[in-house]
Amino acid sequence: MFSPTDYRFMAQALRLAEKGLYSTSPNPRVGCVLVRDGQVVGSGWHERAGEAHAEINALAAAGLAARGATAYLTLEPCSHHGRTPPCADALIQAGIAKVIAAMQDPNPLVSGRGCALLEEMGIEVQTGLMEAEAKALNIGFVSRMTRGRPWIRTKIAASLDGKTALNDGSSQWITSEAARRDGHRWRARSCAVMTGIGTVLADNPQLTVRHVHTSRQPLPIVVDQGLDIPIDAGLLRGAGELIFTAAASEGKIVALRDVGVHVILLPDSAGNVDLAAMMQRLADLEINEVLVEAGRGLNGGLIQADLVDELVIYLAPCLIGNAARDMLRLPELSNLEDKRALKIHDVRAVGQDIRIIARFADRRAT
């Protein structure tokens, strides 16, 4: 169905899309390559929300040479007016002869309509070329559109015996500088970074990207059941930070809102923060990917609620001992058949540490 040349140009489009890894949120990362008579006549990628889409940038680069060309797109062109006009219309007006899209847009406002519009205007359309790679690049966007919640990625740094801190909470630094820098790349690609109140009180983290060049910072999110966060906490920068709480403390809520923090009261029947409802609320806020950097309590709670999709674990070549803190707080199993199965997606050395990426067996970009 697809030729080696098709694969080559789609791979080029995917590399372009990846340039928007840290900047396109909440939009998907998209690349476009225009080819005529075997030569690239224009290319582009979507750089950030509200600005031109990949197709528009590629058409601008190609000019009149776009007429009769084949467009290699990592995502079906949009057919609706969102922050920008429909890209399907622009491709039609430019005289594109054929469109090869890696994947159909999972957005219900678009899904299939962009391709159908092109075909109605006599443009040949093919889809599915390098679809898995395109979905992986936009795993959070796909998750939000198809499951109604973000892709949740939990990052944990631990010793080889699975400990994340001493019993008194000391944890700086178990892993190497190389691992910490790699962790900041996960922050940079995330729409938001989530932590628990225990981590805030113990470490006063900033949750900013500091070792990777990026034009935006991820949104800090705190799960704070009792609304115990100090007003002067380091991650509260007046940039619309989110705090999910179960405590209807009106005075504290007003004080936090006065410094630019959004406080969302979301208790469950037990008086804890309703974690599943929180994920739905994050999707409503157009958050695609969340990186969780928390302690064993929140990590364990999210896993027990079946809300974690992916684990990124850095293991340092050291042993800390039995009394130290574990990665996760999970209930004891009475039967090994009840264990949660994981699928290893990647194992590699990062500096002197080992990085393992694992997903729960039922998780994939759909």
Side-chain angles (χ1 to χ4, degrees), residues 21-22 151-190 192-214 217-218 220-223 234-235 289-304 307-333 339-361 363:
L21 190 65
Y22 302 152
W151 183 263
I152 306 301
R153 181 180 289 118
T154 297
K155 181 177 78 68
I156 300 173
S159 61
L160 208 56
D161 54 347
K163 305 299 181 179
T164 61
L166 299 180
N167 198 36
D168 65 3
S170 301
S171 62
Q172 296 183 341
W173 298 101
I174 291 175
T175 53
S176 65
E177 182 179 352
R180 295 195 295 275
R181 288 181 177 274
D182 190 67
H184 277 257
R185 283 191 279 272
W186 293 107
R187 280 189 188 180
R189 69 170 288 165
S190 302
V193 180
M194 177 183 293
T195 195
I197 185 58
T199 299
V200 173
L201 296 177
D203 299 335
N204 193 25
Q206 300 288 320
L207 300 186
T208 54
V209 179
R210 297 186 296 277
H211 300 296
V212 178
H213 176 70
T214 177
Q217 289 291 337
I221 300 172
V222 182
V223 180
L235 57 78
E289 296 182 28
V290 176
L291 182 66
V292 180
E293 297 192 34
R296 55 188 175 181
L298 181 55
N299 285 339
L302 290 168
I303 288 175
Q304 287 186 72
L307 295 172
V308 174
D309 299 303
E310 185 172 67
L311 298 171
V312 179
I313 300 175
Y314 298 89
L315 293 177
C318 63
L319 303 173
I320 296 181
N322 187 58
R325 298 187 181 182
D326 298 318
M327 296 183 191
L328 309 165
R329 181 180 291 141
L330 295 173
E332 181 181 1
L333 297 181
K339 66 183 183 295
R340 293 290 307 276
L342 292 161
K343 181 179 180 180
I344 303 297
H345 275 250
D346 185 74
V347 179
R348 68 182 63 191
V350 178
Q352 64 182 12
D353 305 312
I354 297 295
R355 188 190 74 188
I356 300 171
I357 299 177
R359 293 179 188 166
F360 287 96
R363 297 295 197 269

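- If you take CD1 on Ile156 and CD1 on Ile356, they are separated by 11.0 Å, rounding to the nearest 0.5 Å.
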Open item on the list: Using the rule given for side chain to side chain contact (heavy atoms under 4.5 Å, CB included), can you reason through Glu310 versus Ile152, listing the C-alpha separation, both sets of side-chain angles and the distance that settles it, and then say yes or no?
Closed with: CA-CA 6 Å; Glu310 185 172 67; Ile152 306 301; over 6 Å; no

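- Under a 3.5 Å cut-off, the side chain of Asn204 and the backbone N or O of Val200 do not form any donor-acceptor pair.
- Under the rule for a side-chain contact (heavy atoms from CB on, under 4.5 Å), the partners of Arg355 that lie at least two apart in sequence or sit in another chain are Asp182, Trp186, Val312, Tyr314, Asp346, Arg348, Val350, Ile357.
- Of the possible donor and acceptor atoms, none in the side chain of Thr154 sits under 3.5 Å from a partner among the backbone N and O of Leu311.
- The nearest pair of heavy atoms linking Leu235 to Gln206 is CB-O, 3.8 Å.
- Under the 4.5 Å side-chain criterion, counting only non-hydrogen atoms from C-beta, Asp326 is in contact with Lys163.
- Residues that satisfy the salt bridge (Lys or Arg N to Asp or Glu O under 4.0 Å) test with Arg189, not counting sequence neighbours, are Glu289.
- The shortest distance between side-chain heavy atoms of Arg153 and Asp309 does not fall below 4.5 Å.
- Side-chain atoms of Val308 and Val292, non-hydrogen and from C-beta on, never get closer than 4.5 Å to each other.
- Heavy-atom minimum distance, Gly183 versus Leu291: O-CD2, 4.4 Å.
- Although no hydrogens or angles enter the test, the distance criterion places a donor-acceptor pair under 3.5 Å between the side chain of Asp161 and the main chain of Gly321.
- Contact detail for Ile344 and Ala358: the closest heavy-atom pair is CD1-CB, 3.8 Å.
- Nearest approach of Gly196 to Ala294, heavy atoms of both residues: N-CB, 4.0 Å.
- Looking at heavy atoms from C-beta onward, Leu207 lies out of side-chain contact with Pro218 at the 4.5 angstrom threshold.
- Within the model, atoms CD1 of Ile354 and OG1 of Thr175 stand 12.5 Å from one another, a figure rounded to the nearest 0.5 Å.
- At a threshold of 4.5 Å between non-hydrogen side-chain atoms, the residues Met194 and Val223 count as touching.
- For the atom pair Arg296 CZ and Thr164 OG1, the distance stands at 7.5 Å (nearest 0.5 Å).
- With contacts defined as side-chain heavy-atom distances shorter than 4.5 Å, the pair Ile313/Met327 qualifies.
- No side-chain heavy atom of Thr199 sits under 4.5 Å from any side-chain heavy atom of Leu298.
- Here the CZ-CZ distance, from Arg210 to Arg181, works out to 10.5 Å after rounding to the nearest 0.5 Å.
- Of the inter-residue distances, the one linking Thr214 atom OG1 with Arg185 atom CZ reads 13.0 Å to the nearest 0.5 angstrom.
- Using a 4.5 Å cut-off on side-chain heavy atoms (C-beta onward), Pro317 and Asp353 make contact.
- Across all non-hydrogen atoms, the minimal contact from Ser176 to Gly351 is OG-CA, 4.4 Å.
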- [ ] Give the intermediate values and the outcome of side chain to side chain contact (heavy atoms under 4.5 Å, CB included) for residues Thr195 and Asp203.
- [x] CA-CA 11 Å; Thr195 195; Asp203 299 335; over 6 Å; no

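- Once rounded to the nearest 0.5 Å, the distance linking CG of Leu328 with CG of Leu302 reads 10.0 Å.
- Between the side chain of Gln352 and the backbone N or O of Ala316 there is no donor-acceptor pair closer than 3.5 Å.
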